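Everything below concerns the one structure shown next.
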Amino acid sequence: MEKTTYRQALHDGLYDTLKSDPKTFLIGEDVGRYGGSYAVSKGMLQEFGEERIKDTPLSESVFTGLGIGAAMGGMHPIVEIMTCNFALLALDQITNNAGTLRHMSGGQITIPLVIRISTGAGRQLAAQHSHSWEGWFSHIPGIKIISPATVTDARYMLQAAVKDPNPVLLFEQAALYNMEGNLEDVREVDISKARVLKEGSDISFITYGASVYKCLEAAEELEKLKVSAEVIDLRSLRPLDMPTILTSVTKTHRALIVDEGWRSGSLSAEIAARISEECFYELDAPVLRVCSEEIPMPYAKELEQKSMPQTSSILQAAKESLHGGY
Amino acid sequence: MEKTTYRQALHDGLYDTLKSDPKTFLIGEDVGRYGGSYAVSKGMLQEFGEERIKDTPLSESVFTGLGIGAAMGGMHPIVEIMTCNFALLALDQITNNAGTLRHMSGGQITIPLVIRISTGAGRQLAAQHSHSWEGWFSHIPGIKIISPATVTDARYMLQAAVKDPNPVLLFEQAALYNMEGNLEDVREVDISKARVLKEGSDISFITYGASVYKCLEAAEELEKLKVSAEVIDLRSLRPLDMPTILTSVTKTHRALIVDEGWRSGSLSAEIAARISEECFYELDAPVLRVCSEEIPMPYAKELEQKSMPQTSSILQAAKESLHGGY
Amino acid sequence: MASKERTTVEQKIKEQLSVEEAKQILFDMIRIRELEEASAQQYSEGKIRGFLHLYIGEEPIAATILPLLKPQDQFFGTYREHAHALMKGITARSIMAEMFGKVEGCSKGRGGSMHIFDLSKSFYGGNAIVAGHLPLAIGMALANKMQKNDLISICFFGEGAIAEGEFHESMNMAKLWKLPVLFVCENNYYAMGTALERSESQTNLIEKAKSYKVEAKRVNGRNVAEIKEAAKQAIDFVRSEQQPYFLEAQTYRLVAHSMFDSQQYRSKEEVEYWKKHHDPIAEYIHQLKCLGWVNSNEIKEMQDKAKTEMDDAISYAQAGTTEDFQSCMQDVLIGEY
Amino acid sequence: MASKERTTVEQKIKEQLSVEEAKQILFDMIRIRELEEASAQQYSEGKIRGFLHLYIGEEPIAATILPLLKPQDQFFGTYREHAHALMKGITARSIMAEMFGKVEGCSKGRGGSMHIFDLSKSFYGGNAIVAGHLPLAIGMALANKMQKNDLISICFFGEGAIAEGEFHESMNMAKLWKLPVLFVCENNYYAMGTALERSESQTNLIEKAKSYKVEAKRVNGRNVAEIKEAAKQAIDFVRSEQQPYFLEAQTYRLVAHSMFDSQQYRSKEEVEYWKKHHDPIAEYIHQLKCLGWVNSNEIKEMQDKAKTEMDDAISYAQAGTTEDFQSCMQDVLIGEY
Ligand SMILES: Cc1ncc(C[n+]2csc(CCOP(=O)(O)OP(=O)(O)O)c2C)c(N)n1
Ligand SMILES: Cc1ncc(C[n+]2csc(CCOP(=O)(O)OP(=O)(O)O)c2C)c(N)n1
Ligand SMILES: [Mg+2]
Ligand SMILES: [Mg+2]
């Protein structure tokens, strides 16, 4: 197994995609000359030229809509929105066009579009650059939402997304760009399935993205206490892979969802609601959630860290679930 | 008790507000000369003049942001966004500014702003004019969200919202504009509390807006079967009045949430998750949800009606909860 | 209209159009009018619901411009698009069935009046978020350009859309990236009840377009020959230069914005004046008659034919069926989900 | 700079500024430079984190314009706002503490470098959604106008913001509603790595502003006297005419966009050329020396004083405390929730 970083894996995946599919091209702010705000597309302009690596003006709404239109025209655009915090400017296009046009036209329109968006806190970028809105956006029918947590997924999810005939939002985890990991020996990944990263029998941790590592850490801690936690990386936030989730909870009878989004109305709520709906009688304890505090993300390091799910808060919630803190 | 329509009640509430608070003014598309797209502000221009009834260009993002700025400057603007479907264009302003500035500035900024937005389906306006996104928007910290279901609330909620020092989104139910109802003999309403519209002991229906009437109808049907359903009108979607919800569920041991939003990631998910978290051991059955189908709203009447919560689907879900359909 | 002016108009018709063409355009204008009147009628009978926006008074624009396109050139329009759909070759049957909410409609009855789509005619809506389709049109233009398929996209919108940020961003990107898109602004001076001077600080829309260095021209939207001349030039320019172009057609909506509109914002006199003096079909008939290009019999024939077409469309729509709900649950995503 | 040109520059200084004023502006430019260099230093030591955007090379703009405002005139700026904060009277201590994430900072350490707020100085950020603060500024202008308080709002942004729809909608509404707002566009020719000619089809920004019928003027952002003259006129115009005004100050960012930027998009030579020939502080010092208005001793004194101010600010920030987390959970809404 090869070692690589999350950033490099994303870069390589992007490179391969552009190389293998001549209908693809990358557009977004500073994807070209600057090399991508997180350096994922560094060197691409030199490699693929201006025709396929297109720096845009600061116009999130329209370059996203332009991607939708180009996809309708048979291309396979890859749009980059620097961070999800700016994606609200494009949310009309994503929702009312990308997510709607196929159905509204009676199934005539196809939109093979990928939108790459970075997400997440932990880098002290404060309240207009730090939120995790992928769960929030997963309310929208007509789009898929995926987010890689591992370098392998970082490497191959984009290719799978580009092959998917639907609009796919791929959320890159800003906190993981520098993470090193082992690239598994695969050539592609299936973006429809969640993945059990660690098997366990006493409690199911359901999570995705950067929180995966905190859950794994918490699970390790729990092993010391002879508690066996299962850790599920959702990978796809819309649609949700419910069979994998339900199989796990049916086995462990306890579920804890860890979600970096603001708690109220987060993806964690949907998952909790579904677990209760679909395997209520299997549950030995209420489904619990560890989410971000419902405040605009503060800048100060300590405050930011306290606002986010942490290994310690996961552990605490797990113990509550196991011992019935109620 | 006086009879009035929901539209007239909103109109009268707006009139009183403008009359009593000289810092208020109304801005939005066609609020003036056209009389408001739903005729709520009909006659206001003639009454209050151009200074206070301001027709805007089609610029949702900026006239909303302008409202925020004017509120920061000490005014009490009332912004109207025609429907929530267009509100995505203003969601950056609502989230990154209205919901964020106070906290991010260390508590210095105050934004006494009200945004009126119409919402909901049932009028065959299809996929770009029919959605219910108030639940979706209730993910945002730093704002309040309310929605009147009764003519009394339609009459007095705006005044309460204007008096509130926070940004408040008031969602008007498009399906109810023509509804007649009895105006209660009050002079103000408290926008922080849910309201039990019908007491019951066997199951709690938790809902708001136009679905309230479907729930009441279903409850009436259930009476015939000797089942006593309690119906709660949430009134405030953010923050949620959890004490009222939990008191009810603790009494009935069964909960059914009816929400016209798309099911996944709807407000109903949050409420279901919280009920499970906070009174899991009181539940005799899983918390169930009746929501809209996860499709862009179709135009054809029959399809539209089938996509939305209906008395029949509420009844069916209630029976499932009561008899344990699992 | 002064008689001097009229002569010029007729001169221009002779310059720009053959008799056949001129008559075809008249016939199409009549068809559009009949379609719109039939729609209004069906609305009042409760067969059509939701919002219904009519094109009465604006017919020359769609009737003249759309036939100049290649069939595969992609059209993007607003909710006020029945006329454009008809001109792009969608049958009245398909349009009417759509408005009736029947599965036989081009969008399976899911879209209704505001969302007519027919990709076999390269007709991309029927879009009801004002200015939300501009980015789609420039994206399509980019796809055309990259695929070197010699197609252009054409995007219609009202003058109200110009205030939206999407207009600004789209014009800029279209010019920056040299995208082959023809923007057609149907300036009917009102956005619902908001008059142009309350929606734009600069009411000269050509100046606005030029501020992006986009080529721009204004035409009288009731003058068929002028529209044809300008639109042909514009289409040729877009296709050959691979650059955007902005065409403003000044017009007037002779009817309400939609069936919900009580028109508080303009006087009855104003509307009556326009109806009486500037109904574009009456004007055009008068011009062609002066030229001796049509006679009353032919016009009557056209009207009858158009009426028959619309009656047939209504029968067709009436006989249609509602989509099965299970089927309507499809097409959200492709594949299982 | 050619010597003829130089003479003109110096002429203009004499025309526009008293010796005292001129020296004050120089001192402020030096203070800004010292603040920015101290910030960069603290960043490299890990005391400041997140994004840090420096104003080095652009100092004359804030140093000249901000003192012309009334203290209560409301300022709205971008993430590149340390200089403006200092000029609006926020202490270096308060700014530095904010960047250190300390509760003693003006935003309690919640905002950091990008979100400096101090309402006691009418300083409204520190906004980091590009162009997202323009609507706030025009809204504030409306509030001022309605309250007839004789205040204006002033809104700074980079040329990159012009491509956003929010610019378009804001300019239009500001002009339509005659709002007393001064827009100041700091055109440093790059938005991160995107050069103006790749971000605007029309690179003449004055033409862009005028397309909304907004009064507009361009100044050389390194020419203090020119800035002062134009800004004073602009402020007077906005206040007395109750109309918007657009002022473009052409400038050059001598440093990276932020501490994350490796500047692939421009050559080292380009940056070196600007540093060597157009460092605005060096230029201004040269001009004032030619005029005999300052000498090296005085400059040294200014630098020492500024350094002392910044050292003190750092000590203050260093000694500060982090906000208590429970306190940080406040201020989301007012009242119980
Ligand atoms: C983003 C958005 N805002 C508001 C509306 C409501 N609306 C529908 S049509 C319209 C007026 C548009 O006027 P114009 O662009 O001039 O086109 P016209 O109707 O005159 O053809 C408005 C405000 C909408 N559909 N979308
Ligand atoms: C809406 C939005 N899009 C993108 C960004 C990322 N971003 C931050 S600064 C910047 C460049 C802005 O350039 P300009 O407006 O010229 O100001 P400058 O930094 O040159 O002072 C970009 C793209 C952002 N903060 N907000
Ligand atoms: Mg119009
Ligand atoms: Mg710049």
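Remember, it's a predicted structure, so these values are computed and weren't measured experimentally. Below, chains carry the letters A, B, ... as their sequence lines are ordered, and counting in each starts from 1.
Among all heavy-atom pairs drawn from V249(A) and I206(A), the shortest one is CG2-CD1, 4.3 Å. Taking both residues in full, the closest heavy atoms of F171(A) and S147(A) are given as O-OG, 2.7 Å, listed atom of the first, atom of the second, then distance.
Heavy atoms closer than 4.5 Å to chain A are found in the side chain of N127(C), but not in its backbone. Interface remark: F63(A) contributes backbone and side-chain atoms alike to the contact with chain C (heavy atom separation under 4.5 Å). Residue Q74(C) does not touch chain A at all, counting heavy-atom pairs closer than 4.5 Å. Proximity to chain C is limited to the side chain of Q93(A), based on heavy atoms less than 4.5 angstrom apart. At a 4.5 Å heavy-atom cutoff, the contact between L101(A) and chain C is made by side-chain atoms alone. For M146(C), the part lying under 4.5 angstrom from a heavy atom of chain A is the side chain only. With a threshold of 4.5 angstrom between heavy atoms, N172(C) approaches chain A through side-chain atoms but not through N, CA, C or O. Heavy atoms of T56(A) lying under 4.5 Å from chain C belong to its backbone as well as its side chain.
Within residues 73-80 of chain A, the residues approaching chain C closer than 4.5 Å by heavy atoms are, in numerical order, G73(A), M75(A).
Classified by interplanar angle (parallel below 30°, tilted 30° to 60°, perpendicular above 60°), the ring pair H131(A)/W133(A) is parallel. Under the 30°/60° scheme for interplanar angles, the aromatic rings of F246(C) and F167(C) are found to stand perpendicular. Using cut-offs of 30° and 60° for the angle between ring planes, the H84(C) and F156(C) rings count as perpendicular.
Side-chain atoms of Y316(C) and E104(C) form no donor-acceptor pair, as typed in the model, at a separation below 3.5 Å. Under 3.5 Å, the side chains of T119(A) and E134(A) contain a donor-acceptor pair of N or O atoms.
R274(A) pairs in a salt bridge (Lys or Arg N to Asp or Glu O under 4.0 Å) with only one of the listed residues (E277(A), E278(A), E270(A)), which is E270(A). None of F117(C), Y124(C), F123(C) except one satisfies the ring-ring contact (aromatic ring centres under 6.0 Å, His included) rule with F75(C); the exception is F123(C).
Per-residue heavy-atom pair counts under 4.5 Å with chain C were compared for G99(A), P165(A), G67(A), A71(A), and the maximum is reached by P165(A). For the options G111(C), G112(C), A128(C), G132(C), heavy-atom pairs under 4.5 Å to chain A are most numerous at G132(C). When I109(A), D241(A), T110(A) are compared by the number of non-hydrogen pairs under 4.5 Å with chain C, I109(A) comes out ahead. Put simply, of T100(A), V62(A), I27(A), the one with the most heavy-atom pairs under 4.5 Å next to chain C is V62(A). Across G165(C), C328(C), G109(C), S153(C), the residue that shares the most heavy-atom pairs under 4.5 angstrom with chain A is C328(C). Contact count against chain A (heavy-atom pairs under 4.5 Å) is highest for I129(C) among L176(C), L179(C), I129(C), L142(C).
In this view, R102(A) satisfies the salt bridge (Lys or Arg N to Asp or Glu O under 4.0 Å) rule with no residue, not counting sequence neighbours. Not a single ring-ring contact (aromatic ring centres under 6.0 Å, His included) links F325(C) to another residue, sequence neighbours left out.
Looking at K108(C) and D331(C), a side-chain N of the basic residue comes within less than 4.0 Å of a carboxylate O on the acidic one, giving a salt bridge.
Applying the ring pair (Phe, Tyr, Trp, His ring centres under 6.0 Å) rule to pairs touching residues 86-106 of chain A yields F86(A)-H129(A), sequence neighbours excluded.
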